[in-house]
Every structure is written in C-alpha cells, then in structure tokens.
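These numbers were taken from a predicted model, which means no experiment stands behind them. We count residues from 1, following the sequence as given. What you see below is based on every heavy atom in this structure, not just the backbone, and it leaves out hydrogens, waters and symmetry mates.
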Amino acid sequence: MDQRDTPSYYRAGTISFQSRRITMRSTRAKFGTLTLLTLSTMLLSSLPATAAENVEKTAYHGWDLASAHNHQAFEPGHESWVAVCDKEPDNSYVYGHFTTYDGETFSLRNDYFSANCTKRGLRGSGKQIRSFYVCEDGDGCSPTYYLDRATG
C-alpha cells in the first residue's frame with residue numbers, strides 16, 4: 001500500500017489522502033467566495049449612488065407649520081416638496097410662502113384645522129426651495145427659514 005493511500009488512523013501525525021482532498025475543496029470554496037465578494041464589490045462600486053443628500057426644515061407658528069424638503073432625484077435632477085398644515089382649531093387658515101432657487105415664489109394654503117396637510121411637489125434643478133415661512137391668517141408669521149440645495 002502506498003504511503004499517501006494509507007488511512008490516517010494508521011499514520012499518526014500525517015494527513016490522509018481523503019483529508020487533503022477535503023482541504024483542497026475547502027480552499028477552492030474559500031477562493032470562490034473571495035472571488036464572488038470581489039466581483040460583487042466591483043459591481044456595487046460601479047453603480048451610481050442612489051442614496052442622496054436630503055435637506056429638510058420645518059417652520060412653526062404656534063402649532064401650525066410649513067415644511068420644505070429638497071432632495072436629489074433618482075433620475076438626473078432635483079426634486080422638492082412642500083407642505084402646510086393648520087394644526088390649531090381656531091377658525092383661521094394657514095399659508096406658507098415659498099421661494100425657489102430660480103426666483104419663483106408661490107403660496108400654499110391649508111384651511112381651518114384640516115385633517116390633512118396641503119402638499120405640492122416640484123421638479124427641476126432650479127426648483128429646490130431656497131426660503132419659506134408660515135403665516136396664520138390675522139396672527140402673524142414665523143421667521144424665514146433658509147434651505148441649502150440638495151447635492152448628490
């Protein structure tokens with residue numbers, strides 16, 4: 001019988017032929033796993049980033065609020081959304097006044113302690129919100145809040 005074909009229980013301190021084959025399979029499995037991890041890392045690093053920077057602020061006037069959110073769109077460009085919420089049961093409406101980076105201004109109104117906020121979405125690189133404030137009919141306004149552009 002050849003030395004390498006001898007079962008391991010006959011030769012103390014040596015590795016049997018079958019053990020070496022298991023070791024080779026184990027080494028191949030480790031190499032395959034390493035190759036797979038390397039290729040998947042290369043693939044993921046070549047994909048465009050989907051996580052984008054988000055910029056959001058909320059202006060309060062009492063319980064009433066207006067919020068603005070700028071973010072990088074999944075498609076090229078930027079998106080924004082704004083919301084105005086009347087949270088006080090005082091029979092007055094609330095409006096938010098918004099200015100975009102390209103100079104457009106608009107107002108959004110929410111009536112008399114509504115269960116839902118009024119919302120609006122904007123698309124385009126210049127359509128990100130630059131500044132905004134919230135006012136309550138006949139009761140003043142919040143300070144002006146400024147938002148940075150979303151990048152990503």
Side-chain angles (χ1 to χ4, degrees), residues 8 14-152:
S8 61
T14 60
I15 300 173
S16 72
F17 180 73
Q18 287 94 3
S19 301
R20 277 186 277 170
R21 190 169 29 180
I22 291 171
T23 302
M24 285 301 293
R25 285 182 185 161
S26 174
T27 303
R28 280 189 224 138
K30 288 176 186 173
F31 179 75
T33 302
L34 181 64
T35 303
L36 180 63
L37 288 172
T38 303
L39 291 175
S40 62
T41 302
M42 289 171 50
L43 174 66
L44 288 174
S45 65
S46 67
L47 294 174
T50 55
E53 182 180 344
N54 295 309
V55 182
E56 181 176 7
K57 286 191 179 175
T58 302
Y60 290 94
H61 184 268
W63 290 358
D64 302 325
L65 63 97
S67 62
H69 182 100
N70 293 336
H71 64 275
Q72 175 74 28
F74 289 107
E75 298 174 9
H78 293 86
E79 294 180 340
S80 298
W81 61 262
V82 296
V84 177
C85 307
D86 187 355
K87 299 292 186 181
E88 297 176 355
D90 56 6
N91 292 327
S92 62
Y93 64 88
V94 173
Y95 66 93
H97 184 77
F98 302 90
T99 304
T100 63
Y101 273 94
D102 65 359
E104 178 186 350
T105 60
F106 62 93
S107 292
L108 205 57
R109 177 176 159 161
N110 191 238
D111 291 329
Y112 312 118
F113 194 53
S114 174
N116 298 316
C117 298
T118 303
K119 298 177 183 176
R120 179 177 172 187
L122 307 166
R123 290 189 65 119
S125 61
K127 299 298 181 191
Q128 293 191 65
I129 301 301
R130 180 175 185 204
S131 63
F132 70 101
Y133 56 89
V134 61
C135 298
E136 185 172 2
D137 179 41
D139 193 26
C141 299
S142 72
T144 301
Y145 287 79
Y146 295 90
L147 259 72
D148 294 328
R149 289 181 183 259
T151 58

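Taking OG of S80 as the reference point, atom CZ of R149 lies at 9.5 Å (rounded to 0.5 Å). In this structure, NE2 on H69 lies 11.5 Å from CD1 on I129, to the nearest 0.5 angstrom. Atom-to-atom distance recorded for R130:CZ and L147:CG is 11.5 Å, nearest 0.5 angstrom. Of the inter-residue distances, the one linking Y93 atom OH with D64 atom CG reads 12.5 Å to the nearest 0.5 angstrom. In this structure, the separation between OH on Y95 and SG on C141 is 4.5 Å, given to the nearest 0.5 Å.
Taking each heavy atom of S131 and T144 in turn, the nearest pair found is CB-CG2, 3.9 Å. Between A83 and F98, the shortest heavy-atom distance links the atoms O-CZ, 4.2 Å. Closest non-hydrogen pair, A66 versus G96, comes out as CB-CA, 4.5 Å. Pairing each heavy atom of V134 with each of Y60, the nearest pair is CG1-C, 4.0 Å. N70 and Q128 get closest at one heavy-atom pair: CB-OE1, 3.2 Å. Of all heavy-atom pairs between S67 and W81, the closest is OG-CZ3, 3.7 Å.
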Please tabulate, for the side chains in residues 103-110, all donor-acceptor contacts under 3.5 angstrom to protein atoms that are two or more places apart in sequence or on a different chain.
from	atom 1	to	atom 2	distance (Å)
E104	OE1	K127	NZ	2.7
S107	OG	H97	ND1	3.3
R109	NE	D111	OD1	2.6
R109	NH2	D111	OD1	3.1
N110	OD1	D86	N	2.8
N110	ND2	N116	O	3.1
N110	ND2	T118	OG1	2.9

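Every side-chain contact (heavy atoms from CB on, under 4.5 Å) that W63 has, sequence neighbours left out, goes to K87, E88.
Among residues at least two apart or in separate chains, there is no salt bridge (charged side-chain N to carboxylate O under 4.0 Å, His left out) pair with a member in residues 134-148.
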